[in-house]
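What's counted below: heavy atoms across the whole structure, side chains too, no hydrogens, waters or symmetry copies.
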2 protein chains.
Amino acid sequence: MIEYLGPKEEQILHAAMQVFVEKGRHGARMQEIADRAGVNKAMLHYYFRSKDNLYATIFRMVLGRYARQFRLSIDTSADVETILRRFIDGFLEMLNRHPRLPMFIVRELSEGGAIVGRVVGEMIEEGIFTVPRTMLHIIEERRDRGEIENVDDAVQFVVTLLGGCVYFFIAEPLIGVIFPMEENDRDAFVAARKEALFRHLYLGIKKRGDDS
Amino acid sequence: MIEYLGPKEEQILHAAMQVFVEKGRHGARMQEIADRAGVNKAMLHYYFRSKDNLYATIFRMVLGRYARQFRLSIDTSADVETILRRFIDGFLEMLNRHPRLPMFIVRELSEGGAIVGRVVGEMIEEGIFTVPRTMLHIIEERRDRGEIENVDDAVQFVVTLLGGCVYFFIAEPLIGVIFPMEENDRDAFVAARKEALFRHLYLGIKKRGDDS
DNA sequence: GTCTATATCTCGATAGAC
DNA sequence: GTCTATCGAGATATAGAC
């Protein structure tokens with residue numbers, strides 16, 4: 001699975017990732033990738049044949065990092081409150097470090113979702129992209145065990161959770177216009193978001209009368 | 001404000017809307033718009049000067065419909081439960097009728113958000129795009145009045161609400177892969193989503209011990 | 001493996017006849 | 001107002017010398 005790449009190849013991949021994530025698949029220019037990698041444009045084709053091929057490589061890479069990074073945030077043995085808290089904290093923290101990631105994926109989804117679907121499907125089979133399903137199973141199990149309530153449909157809960165985490169990073173410019181904020185500080189907003197999202201979601205499924 | 005357009009102009013706008021919404025700003029081809037409108041390509045430039053100009057016109061149109069349609073869904077005098085329920089129902093219903101709308105806007109956001117920001121800003125000033133702020137004020141007022149609790153930051157609540165509604169329509173292909181469903185029926189999923197989203201969000205802010 | 005030069009293609013835009 | 005023909009920018013991709 002691990003391939004050993006020459007230094008040029010890695011420089012290209014590094015530059016390509018930056019440019020593709022910033023500009024998107026169509027907005028990216030091979031010339032710019034070459035410039036940033038400090039290599040000749042022809043080299044890109046020598047190593048990666050075509051732009052589409054280079055893009056597909058990058059897409060896998062990026063999604064892989066994405067998946068690996070937030071797989072760490074689940075501890076199956078903890079209680080729901082802790083699991084939810086850590087998941088939201090970890091996920092939002094990761095997104096805050098890579099705020100363009102959601103948009104990168106969404107752009108690709110806007111092309112019809114074929115590539116995303118295929119790559120994610122493969123990653124699920126390979127056990128790399130596991131978190132959403134793990135979360136689903138945890139929620140279902142804890143509900144059946146009586147630890148939480150009001151979760152008729154666990155899939156819906158997880159979708160709300162994921163959307164709650166990701167949405168801000170997609171709609172940020174829009175949110176900035178709709179709700180003008182004094183301090184235009186993303187870090188502060190994300191910190192507040194962690195707290196608020198956890199409370200809204202957890203209080204919705206916490207057992208009533210359980211004020212421990 | 002209302003301009004009277006010739007029939008050709010309307011045909012072009014109609015076709016342009018379809019193509020831009022389907023393919024996005026860059027994916028759209030002037031040739032395809034002309035073909036679908038049943039006019040010559042040169043006519044597009046005669047009426048709208050440039051592709052960018054045509055796109056901007058369409059973007060305003062689409063966002064305007066969007067805004068107008070979901071402005072209807074708020075009744076300020078009702079209680080929070082009703083308001084929230086109607087908002088979610090109305091919004092999801094509208095999105096279900098126009099499932100490409102969120103992606104259309106998000107694509108434009110991915111270009112940097114300049115156009116979206118400007119257009120939405122203007123619409124807010126013109127009183128067309130009012131719903132999110134209205135929702136915010138309602139939540140704040142009801143919290144201060146003691147009708148709901150656990151809403152330290154009303155902006156965060158509204159962001160969660162909007163994200164909860166919109167996210168599915170953006171990530172649909174991804175969700176389909178992550179959570180394979182027996183019945184691949186969007187209508188059913190959206191119906192379930194209405195119910196689940198309302199419950200999760202409302203139970204999170206409902207007063208404890210208020211089981212009316 | 002690397003670089004220059006160029007082929008080839010797509011697409012928005014326009015000139016100019018009618 | 002409408003159409004045909006074409007320009008020209010900008011991009012990917014490749015040929016071919018070194």
Side-chain angles (χ1 to χ4, degrees), chain A residues 3-62 103-104 107-108 110-112 114-115 119, chain B residues 3-62 104 107-108 110-112 114-116 119:
Chain A
E3 293 175 31
Y4 296 94
L5 309 173
K8 278 264 168 66
E9 219 162 333
E10 299 212 34
Q11 287 167 36
I12 293 172
L13 285 174
H14 185 72
M17 190 164 86
Q18 287 185 354
V19 177
F20 276 128
V21 168
E22 265 176 45
K23 310 281 176 75
R25 179 184 195 163
H26 298 299
R29 297 291 161 236
M30 295 296 267
Q31 187 61 59
E32 186 175 357
I33 294 173
D35 290 347
R36 284 211 215 177
V39 305
N40 191 282
K41 195 175 54 154
M43 286 291 93
L44 304 188
H45 290 93
Y46 176 76
Y47 283 115
F48 295 95
R49 210 176 69 251
S50 71
K51 183 184 184 182
D52 274 358
N53 194 48
L54 179 55
Y55 178 80
T57 309
I58 295 297
F59 191 79
R60 255 165 230 278
M61 264 180 56
V62 171
M103 196 48 107
F104 177 66
R107 275 196 197 191
E108 193 48 46
S110 82
E111 304 290 327
I115 297 185
V119 172
Chain B
E3 293 175 29
Y4 296 94
L5 309 172
K8 279 261 168 68
E9 220 162 332
E10 299 213 35
Q11 287 167 35
I12 293 173
L13 285 173
H14 185 71
M17 190 163 85
Q18 286 184 354
V19 178
F20 276 127
V21 168
E22 265 176 46
K23 310 280 174 77
R25 180 186 193 162
H26 299 299
R29 298 292 160 238
M30 294 296 268
Q31 186 62 60
E32 187 176 356
I33 294 173
D35 290 347
R36 283 210 217 177
V39 306
N40 190 282
K41 193 176 60 149
M43 286 292 93
L44 303 189
H45 290 93
Y46 175 77
Y47 283 116
F48 296 94
R49 209 176 68 254
S50 71
K51 185 184 182 183
D52 274 359
N53 194 50
L54 178 55
Y55 177 79
T57 309
I58 295 296
F59 192 79
R60 255 166 230 276
M61 265 180 55
V62 171
F104 177 66
R107 273 195 200 193
E108 193 48 47
S110 82
E111 305 289 326
I115 297 184
V116 191
V119 173

By a strict heavy-atom criterion of less than 4.0 Å, which residues belonging to residues 9-29 of chain B are in contact with DNA chain D? none
In whole angstroms, how far is the P atom of C/dA13 from the CZ atom of B/Arg49? 10 Å
Spacing of B/Leu54 atom CG relative to C/dA13 atom P, expressed in whole Å: 10 Å
Considering residues, nucleotides and ligands other than A/His14, do more than 12 of their heavy atoms fall under 6.0 Å from its NE2? no
Round to the nearest Å and state the distance from A/Tyr46 atom OH to C/dG1 atom C1'. 5 Å
Any idea how B/Tyr55 and B/Phe20 line up, ring-wise: parallel (<30°), tilted (30 to 60°), or perpendicular (>60°)? perpendicular
If I take atom CD in residue A/Gln31 and atom C1' in nucleotide D/dT12, what distance separates them, rounded to the nearest angstrom? 11 Å
Starting at atom CG of B/Leu44, determine the distance to atom P of C/dT14, rounded to an integer number of angstrom. 13 Å
By nearest atom, which of the nucleotides C/dT2, C/dG12, D/dG1 is closest to the B/His45 side chain? C/dG12
Filtered N/O pairs between nucleotides 3-5 of chain C and protein, under 3.5 Å:
| unit_1 | atom_1 | unit_2 | atom_2 | d |
| --- | --- | --- | --- | --- |
| C/dT4 | OP2 | A/Asn40 | ND2 | 3.2 |

Do any side-chain nitrogens or oxygens of B/Tyr47 fall under 4.0 Å of OP1 or OP2 in D/dT2? yes
If I take atom OH in residue B/Tyr55 and atom C1' in nucleotide C/dC11, what distance separates them, rounded to the nearest angstrom? 18 Å
Electrostatic pair A/Glu32-A/Arg36, nearest N-O below 4.0 angstrom: yes
